[in-house]
Structure formats: structure tokens, C-alpha cells
Amino acid sequence: MAIEYTNLGFITLEGFVRRDDVTNRTLKLCFICCGQYGGRQGDEEARLGHSVFVINTSESDLLDLKAISKNSDRIIKLEGYGGAAKDIERGKAAIYDNSEAIVKVLQHDDVINADHVFVVGGMGGGTGNAAIPMICSNLAKIRKPFNGKPSYGAIITVPASWEKRGIKKNALWGLGHLDQLVKNEDIGAIVLVDNDKLYNLTQGVQSTTETPLNWMDYGNSSLAALLDEITTLTSLPSSKAFDLDEWRDVFSTPGWASLGKRDIHSSSEIDRSDKIFREAFLNSPTASDYDYDLDTVNGFMAVIHPRNEIITDSSFKVLEEQFGDFIESAEKPHSGMIANHSWGKITSNNKMKPEEKKAIVYTAAVSSNLPDRVRRMLVEIEKEEESLEKKRTERSDKKTLDLSSFTKQEEKSVKEKSSVGNEFDLFGSRSEEKEKNSNPFDLKLDFPPRK
């Protein structure tokens, strides 16, 4: 029996996800979604039937969720906070103060037993930015590795060029911690959505109701659809299948991931260039300005096509060669070719919109370095911070006006600031006698040994 999709919202899926032989997903995903962006992306994943947990300091953001029941234990409100005000320290404090609720999520069967876990959030705010490295750095204590690699990763957004300096500064903090996890091989692939690219990509895009589609809604729905279609490929029978373990091998590889998709309507479109793969990445909601040939460490390309049409065995070999050249530094990229008989577009309420036969190339690449635009942004914000600090130092030489004689200074009781320390410990003691640990993100989870 085919999977039924209802209440898809803005999500549009390829018809093959509703094939009769897709009786069940063999690949089980779980999403831990933090902050405003995380919640919105999680809402789209929930529409597609995935296991989703949403964590936030903001009640209004949680009330805005559409696909997850408001009374569900999948929604975790970080009590004592009405938001994080884009303050990372406040976000960390909220996590610590609600550590029991976070622990309950991390101990859930869906988190422990999923084939792969994604921690989702934006790098510009307070809650998601703080929560992602804190949670990711501790999943190793809960999750069983895949072939020696982390069976969990992240989906993140990065601020656009026009966003405020403070938001970019937050991203510098979050990306710095995630990059350290990548270098230490303590996290799998991090799917990176560049808001700059996403905004430019969506200009003029219309929804299924022929109204302009908000760029953030487009990004959330298109990424959810792309990931779901790639996941479905692992459930389809084929003599050249792209299987579950190949998917896990790619997404468990430490690095920064981009996803791609491109339609092929004629065999004449297949040549000896890398045009198909370059366009596949350019047209996706994920960042695509990576140095693919030198920095890619793993990847895959999978083609779904009408049987004996458009893609032949020989043209598939050409595509394999093109992809190998495109991600030249990757030693063992994966590939698959799946014949398909169900074409069309699935829209809201599980309706199928007819469509001509075509082939579709799906691809992913995991890079050892951040995309170019993001790297430039981080360098620029660091220089801006250095310049501001220099100006502050120069101003400190000026004589300060003393106004103390004009007011009576009263004693004030100052509430002691909650110490979040340097250890990100949700489960241990928060006293000053806390044992020091070389890992700044150690939550000191105490679980039985993994079987």
C-alpha cells in the first residue's frame, strides 16, 4: 500500500513517492528542531510523517506550528523564558534550566533507534544557535555509530548578507563550534541552507495557489520535499539501487552538505560536461558555492527514470563519470539507477497532478570546508569586530565625565546570573565543584553501554 500524504501545505512531491511498492520507509529519520527556524522546518517534516521534536523558548513560535499537535509531548517549551532575544547566553541558560525536558527527548526511543538524527536550527538566533552544538556534541553517548561514523548531523540556516551584525556575530559563534565538531569527527554531515542564496532563488516563485511564495516558506517546504524524495529512493527496488547503507554512509560523513536535484527530459541533455550536477546544486535550497572538486569527501548521485527511456546503461555510465570528475577528491562516491512508472506531482490532500515522463537526478556532496559566501561573511564580521574593539580602546583614553555627585547611589540587590560555564552539562551537578572536562560540550550523559 502506498504512503498517503495529507495536509502537505506548500510541499510538492514527485509522484514516485506514492508508488504501490513503497509500502513503508526503510530509512527512519528523527528531527530535533530548536528555535524558530527549527520549529518551522520541523513542522514541514512532520507533514511528511517523520518523527519530530520541537524545542523553543518562545510560546508564540510553538503556537504557530500547524502539523504537530499543540498538546503533544513532541513540543518542549523551555519554561522560565519568553524567548531568547537572539542572545546565545540566554539560550544556553534556557537549555540548562530545562535540562530534564531535554534529557527526556534525548532518551526517547525515536532518537535512540532512528537510522539517522538531524538537529535543526538557525545560526542567527539564541535558542537554536545554542542548542545545536550542545545537543549534537552529546548524541554520541546515545546514538550507535554507523560504520564508525556519527549517525547524526544537523540542518542549519546561515544569515544573509543584509542581516544585522549581531545576527552574523551569533553565526560566527555557532559555526565555530560546529566546525570544531566536524574537525573532531564528532558530527556527521551538516546540511547548510544559505539565506542569501535562498532569497535570490525564490524571487518570482509562485505557490500552488498562484500567489507569491514567501522565501522562508519556500525554503522549508522545498528542503523537506527534497530530503523526503531522496529518502524514498532507498525504499525502491532496483538492480542498481541506492540503498539505505549508502545513504547513511554519506550523511554520517563529517562535513558540510549540499543537496541537488535536476530533471532530464531528453537523452540529448547528457554530455561530457558537469552541467547537470552543477545545475542540480544551484537550483536546490542548500548552499552550492563549495569547491566541489577539491573539498568533497563523500557524495552520491541517483537517477530515477522511465524504464528503457531517456537513461540507458551507457548514458548512466556517462553520468557516473561526470559525477566522479565533479567531486574528484571523493574516493568512493555512491550511485544508483531506479526505473519508475509513476510520474506527476503530489500536492496538498494527496492529489496527483499529471506530468510528462522524465528522468530525475538526485545528488549530494559533503565538503570539508564551508561554502565561499559564508566563509567571506565570517571573515568580514571578524574584521568588523576587531575594528570596533580598536575604536573602543581609542575612546577609552578620553576622560570620562563623573556624574556621581548628582545622584544618590542606592544599594541594589543583583540577581546572581545563572552560570552556564564552559561544559554544557545538562545532566551533572552545576556547582562550582563540577569536574572539569576537556570537551566543552560534554553533557555527562550516563546511559547503559550501547548494544
Side-chain angles (χ1 to χ4, degrees), residues 30-46 50 52-68 70 72 74-99 101-102 104-106 111 117-139 152-160 163-164 166-178 181 187 190-195 198 214-217 219-221 223-224 285 420 424 426 441 443:
C30 180
F31 297 83
I32 303 175
C33 304
C34 312
Q36 185 182 71
Y37 164 69
R40 290 176 176 174
Q41 187 64 54
D43 216 26
E44 300 305 303
E45 303 299 343
H50 295 293
V52 176
F53 297 89
V54 179
I55 301 169
N56 208 334
T57 52
S58 171
E59 183 75 29
S60 59
D61 286 346
L62 293 174
L63 289 174
D64 194 45
L65 299 175
K66 305 293 192 302
I68 305 173
K70 301 298 186 295
S72 170
R74 298 300 179 111
I75 295 180
I76 296 87
K77 168 68 172 67
L78 299 180
E79 299 299 339
Y81 297 81
K86 294 181 172 56
D87 185 334
I88 294 172
E89 290 300 316
R90 185 173 174 82
K92 289 194 290 185
I95 299 283
Y96 284 126
D97 291 345
N98 291 269
S99 59
I102 304 298
K104 188 175 180 181
V105 171
L106 298 180
V111 175
V117 174
F118 286 106
V119 185
V120 188
M123 288 287 99
T127 306
N129 208 350
I132 291 177
M134 293 174 73
I135 291 174
C136 285
S137 59
N138 288 271
L139 280 172
Y152 53 89
I155 298 174
I156 64 171
T157 59
V158 175
E163 298 193 65
K164 294 181 176 63
I167 293 176
K168 295 176 183 177
K169 187 177 175 182
N170 281 354
L172 184 64
W173 184 93
L175 289 169
H177 285 297
L178 288 178
L181 291 176
I187 191 172
I190 301 171
V191 178
L192 192 151
V193 177
D194 182 351
N195 283 350
L198 188 59
N214 177 282
W215 65 276
M216 290 180 287
D217 290 336
N220 298 341
S221 59
L223 179 59
V420 296
F424 288 5
L426 297 185
F441 298 101
L443 301 185

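These numbers come from the heavy atoms of this one structure, side chains and all, not from hydrogens, waters or symmetry mates.
With hydrogens and angles ignored, the 3.5 Å screen pairs a side-chain donor or acceptor of Arg90 with a backbone N or O of Gly83. For Asp43 (side chain) and Gly39 (main-chain N/O), no donor-acceptor pair under 3.5 Å exists by modelled atom type. The main-chain N or O of Gln41 is never found under 3.5 Å from a side-chain atom of Glu44 such that the two would form a donor-acceptor pair. A donor-acceptor pair under 3.5 Å links the side-chain atoms of Lys66 to the main chain of Asp64, judged by distance alone.
Rounding to the nearest 0.5 Å places CD1 of Ile76 at 7.0 Å from CD1 of Ile102. To the nearest 0.5 Å, the span separating SG on Cys30 from OH on Tyr152 amounts to 14.5 Å. The CG atom of Leu78 sits 11.0 Å away from atom CD of Glu59, with the distance rounded to the nearest 0.5 Å. Interatomic distance, CE of Met134 versus CD1 of Ile95, reported as 5.5 Å (0.5 Å rounding). Taking OH from Tyr37 and CD1 from Ile156, the interatomic distance works out to 9.0 Å, rounded to the nearest 0.5 Å. Note that the CG atom of Asp61 and the CG atom of Asn56 stand 5.0 Å from one another [nearest 0.5 Å].
Contact record, Gly122 with Thr157: CA-OG1, 3.2 Å, taken as the closest heavy-atom pair. Residues Trp173 and Ala130 approach most closely at CZ3-CA, 4.0 Å, considering heavy atoms. Here the shortest heavy-atom pairing between Ile167 and Pro159 reads CG2-CG, 3.6 Å. Listed here is the closest heavy atom pair of Gly219 and Pro285: O-CB, 4.3 Å. Minimum interatomic distance between Ile68 and Gly42 (heavy atoms only, all atoms of both residues): CD1-O, 4.4 Å. Closest of all the heavy-atom pairs between Ala94 and Thr57 is CB-CG2, 3.6 Å.
Between Asn98 and Tyr81, the side chains place no donor N or O within less than 3.5 Å of an acceptor N or O (distance only, hydrogens not considered).
Counting heavy atoms from C-beta on, the side chains of Met123 and Leu192 never come closer than 4.5 Å. A heavy-atom distance below 4.5 Å is not found between the side chains of Ile187 and Val119. Side-chain contact between Ile55 and Ile135 is present, with at least one heavy-atom pair separated by less than 4.5 Å.
Taking a 6.0 Å sphere around NZ of Lys168, one finds it holds more than 12 heavy atoms contributed by other residues, nucleotides or ligands. Residue Lys77 qualifies as enclosed at atom NZ: its count of foreign heavy atoms under 6.0 Å is above 12.
Among Leu106, Val54, Val120, Val52, the one residue that satisfies the side-chain contact (heavy atoms from CB on, under 4.5 Å) test with Ile32 is Leu106.
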